[in-house]
Amino acid sequence: MTTQYWLVKQEPTDYSWDDFVRDGRTAWTGVRNYAARLHLRAMRKGDQVFFYHSNEGKCVVGLAKVAATAYPDPTAEAESGWVAVDLVPVQALAEPVTLAQIKASPPLKDIALIRQSRLSVMPLRAAEFKQLQKLGGR
DNA sequence: GCCAACGTTGGC
DNA sequence: GCCAACGTTGGC
């Protein structure tokens, strides 16, 4: 199975990269959007996931990986169909990649983060993933 | 604080 | 099934 690449968005005032690192592992709960749910269900163990701070920060701050595939979201009603995955931090980027940098980078012009600005869980093409790593100093 | 994008809800 | 109203997200 080839590794897939993703990006998840979170407001740092709700749950920041630092909170995530402190926890060491987290259940990615609370997603209540059908498109995002499809992406959660498609995640496989070991997939690489960039962590983006929305609203305050507006930058990609770190890299995580999928530790557990989709299971019923404990914060949703039973049988509702909403799912969560478990993520573990891999490493912070040496330099956070800002939204402005992303918008200014030709390889990232079609990134879902820009094209579908409200989606909270999205796939990344391999080239997009590599470009974010490069801009982030990794 | 404003507003564009867009998903959801509910009347018809 | 359509679409207007409404709520939420998130950049600016």
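In what follows, chains carry the letters A, B, and so on, assigned in the order in which the sequence lines appear, proteins first and then strands, with residues in each chain numbered from 1. The model shown is predicted, which means the values in this text are computed figures rather than measured ones. All values below come from the heavy atoms of this structure, side chains included, with hydrogens, waters and symmetry mates left out.
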Notebook entry, point to check: According to a 4.5 Å side-chain heavy-atom criterion applied to Ile, Leu, Val, Met, Phe, Trp and Tyr, with indirect links allowed, do A:L124 and A:V8 form part of one hydrophobic cluster?
Noted result: no
Next item on the list: Pull out every residue in residues 104-119 of chain A that has a heavy atom closer than 4.0 Å to any atom of DNA chain B, ordered by number, or say none.
Entry: A:R115, A:R118
Anything under 3.5 Å between a donor and an acceptor, one on a side chain of residues 84-98 of chain A, the other on a protein residue two or more places apart or in another chain? List them.
residue	atom	partner	partner atom	Å
A:D86	OD1	A:Y71	OH	2.4
A:D86	OD2	A:R25	NE	3.2
A:D86	OD2	A:R25	NH2	2.9
A:T98	OG1	A:Q101	N	3.0
A:T98	OG1	A:Q101	OE1	3.4

Next item on the list: Given side-chain contact (heavy atoms from CB on, under 4.5 Å), test A:N55 with A:T13 step by step and report yes or no.
Entry: CA-CA 9 Å; A:N55 286 324; A:T13 50; over 6 Å; no
Next item on the list: Extract, from 5' to 3' on DNA chain B, the first and final nucleotides lying under 4.0 angstrom from some heavy atom of chain A.
Entry: B:dA5 to B:dT8
Item checked: Verdict with reasoning, A:Q131 to A:I111, per side-chain contact (heavy atoms from CB on, under 4.5 Å) -> CA-CA 11 Å; A:Q131 178 68 6; A:I111 193 171; over 6 Å; no
Next item on the list: Before giving the answer on ring-ring contact (aromatic ring centres under 6.0 Å, His included), spell out for A:W82 and A:Y34 the whole-Å C-alpha distance, their side-chain angles and the decisive distance to 0.1 Å.
Entry: CA-CA 9 Å; A:W82 298 116; A:Y34 293 110; 5.0 Å; yes
Check: Can you tell me how far CG of A:L132 sits from CG of A:L113, rounded to the nearest 0.5 angstrom?
Finding: 8.5 Å
Margin query: Do A:T75 and A:R32 pair up side chain to side chain, a donor and an acceptor below 3.5 Å, judged on atom types alone?
Written below: yes
